[in-house]
Amino acid sequence: MTGFKSDFLNILKQRSFIHQSSDLEEIDQLAVERKLSAYTGFDCTAPSLHIGNLATLMILYWLQKTGNKPVILMGGATTMIGDPSGKEETRKLLSLRKIKTNSESIETLFKKLFPSGSSLQDPLILNNEAWLTKINYIDMLRDIGSHFSVNRMLTMDSVRLRLERQQEMSFIEFNYMILQAYDFVHLARTWGCNLQIGGSDQWGNIIAGMELGRRMYALRLHALTTPLLTTASGEKMGKSSGGAIWLDPNLCMPYAYWQYWRNVEDTDTPRFLRQFTTLPPDEINRLELLRGTEINEAKKILATEATAFLHGREAAETAAETARLVFETRISSENLPSINVTRQELESGFGLLKALVICKFATSNSEARRFIKGNAVHINDRLIQDEQHRLSSEDADEKGIIKLSLGKKRHFLMKII
RNA sequence: GGAGGGAUGCCCGAGUGGUUAAAGGGGACGGGCUGUAAACCCGUUGGCUAUGCCUUCGUAGGUUCGAAUCCUACUCCCUCCA
């Protein structure tokens with residue numbers, strides 16, 4: 001019904017992943033013949049990817065699932081330059097060491113998400129450091145630079161928007177596009193890549209690569225971008241409660257990740273179900289029709305499925321169960337974040353303020369005081385208004401657990417041992 | 001190389017000698033209403049051993065009873081001219 005011959009494009013269409021593309025018919029044909037080899041490049045500006053990267057990851061997942069080959073490119077070298085696309089100002093240059101540790105930590109995610117067997121569809125994980133750092137400047141200018149028109153580059157959004165706003169654009173950033181274009185051509189020649197996938201802000205960089213391939217070697221390369229992810233209220237996705245939602249479980253626990261999806265806006269739920277779960281379309285259609293409070297059922301499924309995709313089924317079920325106990329039965333689950341406290345430590349006087357700082361609800365005693373003043377702090381569901389309160393075994397339940405709560409949603413356990 | 005403008009809290013931005021821990025807005029967080037939603041209303045948004053003390057308006061000095069505000073030097077950014 002969606003009109004493509006390949007499963008790959010049909011799925012992408014159904015799940016609203018296609019924003020812009022080069023010749024879809026050709027991509028369709030390649031996918032049918034299982035000759036599609038698509039790459040996405042990832043910046044190494046942070047130690048983990050975040051929710052904003054998820055759409056491209058999902059596409060790579062479907063690509064592999066439908067019998068084509070995903071190629072993941074770590075931007076070890078391009079991160080040294082800094083992509084100006086979609087950014088209002090120059091990003092500070094990262095130290096080479098930082099980039100290295102970032103790329104290593106991101107790579108572990110890919111190894112987990114795209115396990116290798118020994119088939120043709122095994123993912124390829126590469127780092128452009130391998131070739132870009134070996135380039136000689138004069139050769140580069142003669143072989144590659146000569147194919148680029150500055151006139152044309154100035155019309156690209158990444159450059160044009162900066163110029164129009166009279167914002168600084170350094171020469172190093174101006175070159176970013178050329179390096180990414182070269183990456184595409186290199187991957188095409190060396191590994192047979194014929195498609196590049198990216199967020200919508202990558203369109204200019206991607207077609208620069210397509211054009212370079214055509215000019216240098218008459219290659220037929222293709223482009224596909226995903227819509228920029230925003231929430232219904234128009235915010236960039238992935239920002240919440242003071243920061244990005246990271247994909248690395250060490251930076252964002254599965255429980256917190258589950259909570260993020262549980263708390264999305266109603267109007268986003270159907271789209272997120274399609275994009276970030278692998279549920280069959282029938283099931284999604286059914287969930288989309290839920291309205292009012294029933295939509296909470298859909299959100300729970302969204303949370304569990306999205307978490308399962310990233311952290312595995314078991315972690316997702318645990319998170320779901322923890323949430324169910326905490327929110328629906330008010331029993332504190334053992335799986336909430338916690339620390340152990342000895343009875344001795346407790347008896348020697350354990351201030352509530354200190355406890356709130358330890359469990360990271362507050363960053364200072366002053367902030368903890370403010371929370372208490374604002375009626376935000378509960379111990380075992382009992383409102384505490386005395387900032388001098390000292391924790392004791394009397395605060396614990398029969399199992400010897402003290403549950404600290406900040407607001408309705410954040411809980412932390414202190415287990416007396 | 002010459003001339004001018006600027007740097008304020010998470011971000012934007014007002015303030016040009018005392019009532020300024022610094023207006024206003026945004027964001028974030030908390031409370032209320034709800035459905036762990038949105039919208040809306042209210043509150044908070046430097047630190048501490050806390051009716052007080054300490055630190056903060058690019059950096060380092062100085063003037064003054066008193067400085068984000070005045071002076072000097074330095075650093076960085078921007079605009080115009082060459």
Interface with RNA chain B, restricted to residues 354-377 of chain A and to heavy atoms under 4.0 Å: A:S364, A:N365, A:S366, A:R369, A:R370, A:F371, A:G374, A:N375, A:A376
Over all strands shown, is A:E294 touching base, sugar-phosphate only, or nothing at heavy-atom distances under 4.0 angstrom? nothing
Testing B:A37, B:G35, B:G30 for proximity to the side chain of A:T293, the answer is B:G35
Pairwise P distance, B:C33 and B:G47 [rounded to whole Å]: 29 Å
C1' gap between B:U59 and B:A68, integer Å: 15 Å
So, does the side chain of A:K408 form a donor-acceptor pair with the base of B:U34 at under 3.5 Å? yes
Honestly, is A:K13 close enough over A:F17, meaning NZ or CZ under 6.0 Å from the six-membered ring centre and within 45° of the axis? no
Set of residues satisfying ring pair (Phe, Tyr, Trp, His ring centres under 6.0 Å) with respect to A:F42, sequence neighbours excluded: A:F110
A:K299 and A:D266 ion-paired at < 4.0 Å: yes
Decide if the gap between the ring center of A:Y39 and the ring center of A:F184 is smaller than 6.0 angstrom. yes
Under a 3.5 Å cut-off on both pairing distances, which runs of 3 or more consecutive Watson-Crick or G-U pairs involve RNA chain B? B:1-7 with B:75-81, B:10-12 with B:24-26, B:27-32 with B:40-45, B:46-48 with B:52-54, B:58-62 with B:70-74
Nearest-nucleotide comparison on RNA chain B, the residue closer to the 5′ end among A:R262 and A:H378: A:H378
Please check if atom NZ in A:K300 has more than 12 non-hydrogen atoms from other residues, nucleotides or ligands closer than 6.0 Å. yes
